[in-house]
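What follows is a set of notes on a single structure, which appears directly below.
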2 protein chains.
Amino acid sequence: MKTLIASPEIERYIQNLYPVEDPTLSEMGELGEKTNFPIVGPLVGRLLYQLTKLTRAKNVFEMGSGFGYSALWFALALPEDGVIHLTDQSTKNSELAKRFFLQANLAHKARFHVGDSLEILSKMRENFDIIFIDIEKELYPKALDLAKSKVNVGGLLIADNLLWFGQVLEKHGDASTEAIKEFNQKLFNDCNFISTLHPVRDGVGVAYKIA
Amino acid sequence: MKTLIASPEIERYIQNLYPVEDPTLSEMGELGEKTNFPIVGPLVGRLLYQLTKLTRAKNVFEMGSGFGYSALWFALALPEDGVIHLTDQSTKNSELAKRFFLQANLAHKARFHVGDSLEILSKMRENFDIIFIDIEKELYPKALDLAKSKVNVGGLLIADNLLWFGQVLEKHGDASTEAIKEFNQKLFNDCNFISTLHPVRDGVGVAYKIA
């Protein structure tokens, strides 16, 4: 059963407080709505933006980029020589993301990868200041094991959908729900991270790597 | 009219994920419940803890400390030579806070002030890495003006009760509600800060000073 996380009126109030966003982001938001494609939305977007600035991150790896909505928020926050890696299974999504990044004059910060994000991340030689997890939910526990080792100490592991529209409250959920519950147990019991779970939109986990 | 911010079941789920807290914090939580004294609670407490670690803050100024619940979270996160200034109008609250800080072996990080927190802050010679606002709501706009100038660039201004139990949605609220609405408009329109509002408990604002 799906449960409301935060009141929609409250989320609207918060969104109205936030500054007018980049026009490309608004266009992407409209596309997401029109095509019913899940994007993190402006409240989570601004959180990603703030966290990137706050930690002075220089490189970001996204596991699951869709058409690049969250990636654009990261890119806006990165310094001029910062880099964000976008990954997606779909060539069409990747091409769309490229177009949006060009339109927003942020293509110089982006690297586009098509394929399995776990495989792509495992082949990266470098580690990252931020890794963002937003792939198929059944893959979350596996993604966590990999991402943990590929994030720098002092960096952040961020994951979306950790409340899974309230389904994490179910005792015996479907495969996606159980995978997210497992992910949460693993992450919040890991003493190499100081982690919080923000009840914004569908639940955003922010894990700060301390060792 | 009061509106629920986030679902209580969801907040309970998140709290259960978090590590077992310091026993003094639990004792303070019980005292808050028994005496109906408002404290920020473990979800907000852990956010304060994480933000203090993340920004490597060395000094914190609290406007409105009550008996020290949020201050103890800050103190736990501060380095050994870090300092937190607690302020409260009530000598009784300040004495209680002292007792709890001694019990938790954190008194060496604490400075206790009794009196008007605005006056105390305005007399401080130094600036702070974090300023936390949790005083009478009608004083919030005035507190913001002062706190803005007393927080370091790269530091955080954090404020509790920014959703005021949903009353910020009212067109014409009482004096406290209108003061918080004014505070929010001022803070989120200030381009010297990158700000977010977390819909956790009663709404926590986190403003990162960039200039």
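In what follows, every chain begins at residue 1, and chains take the letters A, B, ... in the order their sequences are listed.
- Counting non-hydrogen atoms of neighbouring residues, nucleotides and ligands closer than 6.0 angstrom, the CD atom of B:Glu33 reaches no more than 12 such neighbours.
- The main-chain N or O of A:Leu197 is found under 3.5 Å from a side-chain atom of B:Tyr18 such that the two form a donor-acceptor pair.
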Item checked: side chain to side chain contact (heavy atoms under 4.5 Å, CB included) between B:Gln185 and A:Leu17, worked out -> CA-CA 7 Å; B:Gln185 286 300 334; A:Leu17 286 175; 3.8 Å; yes
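- Contact count against chain B (heavy-atom pairs under 4.5 Å) is highest for A:Val206 among A:Asn189, A:Val206, A:Ile210.
- Residues B:Gln50 and A:Tyr208 share a closest heavy-atom pair of NE2-N, 4.1 Å.
- At a 4.5 Å heavy-atom cutoff, the contact between B:Thr55 and chain A is made by side-chain atoms alone.
- With a 4.5 Å cut-off on non-hydrogen atoms, B:Lys181 touches chain A through its backbone and its side chain both.
- No donor-acceptor pair closer than 3.5 Å links the side chain of B:Arg46 to the backbone N or O of A:Ile194.
- Of the candidates A:Asn184, A:Val168, A:Leu163, A:Leu163 is the only one forming a side chain to side chain contact (heavy atoms under 4.5 Å, CB included) with B:Ile14.
- The line from CG of A:Leu169 to CZ of B:Arg12 is 9.0 Å long, rounded to the nearest 0.5 Å.
- Rounding to the nearest 0.5 Å gives a distance of 12.0 Å between CZ of B:Phe188 and CG of A:Asn16.
- B:Leu187 does not touch chain A: none of its heavy atoms, backbone or side chain, sits under 4.5 Å away.
- Heavy atoms of other residues, nucleotides or ligands lying less than 6.0 angstrom from CD of B:Glu136 number 12 at most.
- Within 6.0 Å of the NZ atom in B:Lys142, the count of heavy atoms belonging to other residues, nucleotides or ligands does not exceed 12.
- Only the side chain of B:Leu156 comes within contact range of chain A, with heavy atoms under 4.5 Å apart.
- Put simply, of A:Pro19, A:Ala6, A:Pro199, A:Gly203, the one with the most heavy-atom pairs under 4.5 Å next to chain B is A:Pro199.
- The OG1 atom of B:Thr196 sits 10.5 Å away from atom CG of A:Leu48, with the distance rounded to the nearest 0.5 Å.
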